[in-house]
Amino acid sequence: MTAVVMAGGLGSRMRPLTYTIPKPLLPIGERPILEIILSQMRKAGFSRVFITTGYQAELVKSYFGNGSRFGIELEYTQEPEVLGTAGALFLLKGRIDEPFLVMNCDILTCLDLRKFYDSHVESSASMTVGAVSYEVQVPYGVLEIRDGDIKAIAEKPRTSHLIVAGIYVMNPEIFDITRPGKTDIPEVIEILIARGKKVAVCEIKERWIDVGKLSDYERANNEFKLWNDL
């Protein structure tokens, strides 16, 4: 099975740490976050992984090499410019001919990647999007209005939404949607829906952290040592 790790971003929200270390090499505990992700993928049965690189790519390639040290076959692509959350997939056109897992390089989760992959294959969807529940609290009283009158007021209500978790399974047809230049995942999803394709969702209820900013990085290092699954 094949997987792709999207690791070409600048990591600008993680500065000043990423001025000298690319985000994929930032340590969580004693290992770089990308090494943790690759270990998960190998245990789930993914034997071939493409890493899309950009910023400080030479450091990533130097550390991971061809993957033999980690029991997995690694190949790389080089983004000539920042290509967004999906643009780098175009560089893989013609190199993958089966459903493949895609994961951002800053995601820590206890999700069973093999079950996630298998559920996509069984669903006949063109793409499966991993999603997590995210709560938002409105810091004000919210009015319920009918016919111009206030009928009720909810003080600082909380609402829950499913948000994109940075983990996907895609069919090779996705390469006909991505194109040279900057493209983001929402654009890909919208095009698939417009073409009448099935886009499935899988709610992730396992532990999940998006290590996208410094406060998340601190949280990840505090919590990860308590995780026994990875």
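In this structure, M6 CE and D106 CG are separated by 11.5 Å, a value rounded to the nearest 0.5 Å. For the atom pair OH of Y63 and CZ of R69, the computed distance is 5.0 Å after rounding to the nearest 0.5 Å. For the atom pair SG of C105 and CG of L25, the computed distance is 9.5 Å after rounding to the nearest 0.5 Å. Note that CZ of R207 is 9.5 Å distant from CZ of F224, once rounded to the nearest 0.5 Å. Residue L91 holds its CG atom at 8.0 Å from OG1 of T52, rounded to the nearest 0.5 Å. One finds the CZ atom of R31 at 5.5 Å from the CD atom of E35 (value rounded to the nearest 0.5 Å).
In terms of heavy atoms, A44 sits closest to L113 at CB-CB, 3.9 Å. Pairing each heavy atom of K61 with each of Q78, the nearest pair is NZ-OE1, 3.7 Å. Nearest heavy atoms, K198 versus S123: NZ-O, 2.9 Å. Shortest non-hydrogen contact noted between K182 and D184 is NZ-OD2, 3.0 Å. Residue V60 comes nearest to P22 through the heavy atom pair CG2-CG, 4.0 Å, listed as atom of the first residue, atom of the second, then distance. For the pair L192 and S126, the tightest heavy-atom approach, listed with the atom from each and the gap, is CD2-CB, 4.2 Å.
A salt bridge does not link K115 with D118: every distance from a Lys NZ or Arg NE/NH1/NH2 to an Asp or Glu carboxylate oxygen is 4.0 Å or more.
By the 6.0 Å contact criterion, OH on Y134 is open, its count of non-hydrogen atoms from other residues, nucleotides or ligands being 12 or less.
M127 and V5 sit in two unconnected hydrophobic clusters of ILVMFWY residues. Membership requires side-chain heavy atoms under 4.5 Å apart, directly or through other members. In the hydrophobic clustering of ILVMFWY residues, with side-chain heavy atoms under 4.5 Å counting as a link, V188 and I167 come out apart. Linking ILVMFWY residues whenever their side-chain heavy atoms come closer than 4.5 Å, directly or via other members, places I204 and V121 in the same cluster. In the hydrophobic clustering of this structure, I163 does not group with I193; members are Ile, Leu, Val, Met, Phe, Trp, Tyr whose side-chain heavy atoms approach within less than 4.5 Å, directly or through other members. Both M170 and I177 are part of a single hydrophobic cluster, where members link through side-chain heavy atoms under 4.5 Å apart.
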Which side-chain N or O atoms in residues 95-102 pair as donor and acceptor under 3.5 Å with protein atoms at least two apart or in another chain?
from	atom 1	to	atom 2	distance (Å)
R95	NH2	E75	OE1	3.0
E98	OE2	T2	N	3.4
E98	OE2	T2	OG1	2.7

Show the atom names and distances, to 0.1 Å, of all donor-acceptor pairs under 3.5 Å that link a side chain in residues 149-161 to residues at least two apart or in another chain.
from	atom 1	to	atom 2	distance (Å)
R158	NE	E135	OE1	2.9
R158	NH1	Q137	OE1	3.0
R158	NH2	E135	OE1	3.1
T159	OG1	H161	NE2	3.0
S160	OG	S133	OG	2.7

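Looking only at side-chain heavy atoms (C-beta outward), F46 and L38 stay at 4.5 Å or farther from each other. Residues I191 and K197 fail the side-chain proximity criterion, which asks for heavy atoms closer than 4.5 Å. No side-chain heavy atom of V201 sits under 4.5 Å from any side-chain heavy atom of T128. No side-chain heavy atom of V4 sits less than 4.5 Å from a side-chain heavy atom of V49.
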* Could you check V129 against I185 for side chain to side chain contact (heavy atoms under 4.5 Å, CB included), going step by step and ending with a plain yes or no? => CA-CA 10 Å; V129 178; I185 288 293; 5.9 Å; no
* To do: Any chance you could lay out the side chain to side chain contact (heavy atoms under 4.5 Å, CB included) test for L74 and F50, step after step, and finish with the verdict?
  => CA-CA 6 Å; L74 296 181; F50 290 92; over 6 Å; no
* Asked: Given the rule in the side-chain hydrogen bond (donor to acceptor under 3.5 Å, both in side chains) test, do S47 and E73 qualify, once you have shown the distances and angles that lead to the verdict?
  -> CA-CA 6 Å; S47 58; E73 178 187 345; 5.9 Å; no
* Asked: Which is it for K43 and M41 under the side chain to side chain contact (heavy atoms under 4.5 Å, CB included) test, yes or no, and what are the steps along the way?
  -> CA-CA 5 Å; K43 291 175 183 177; M41 289 179 169; over 6 Å; no
* Dump the intermediate steps for side chain to side chain contact (heavy atoms under 4.5 Å, CB included) on T109 and M103, then the final yes or no. => CA-CA 11 Å; T109 182; M103 191 166 174; 4.0 Å; yes
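Not one N or O on the side chain of E79 forms a donor-acceptor pair closer than 3.5 Å with the backbone of Y55. Using a distance-only test at 3.5 Å, with no hydrogens or angles considered, no donor-acceptor pair links the side chain of W208 to the main chain of I107.
Applying the ring-ring contact (aromatic ring centres under 6.0 Å, His included) test to F64 and every residue at least two apart in sequence or in another chain returns F70.
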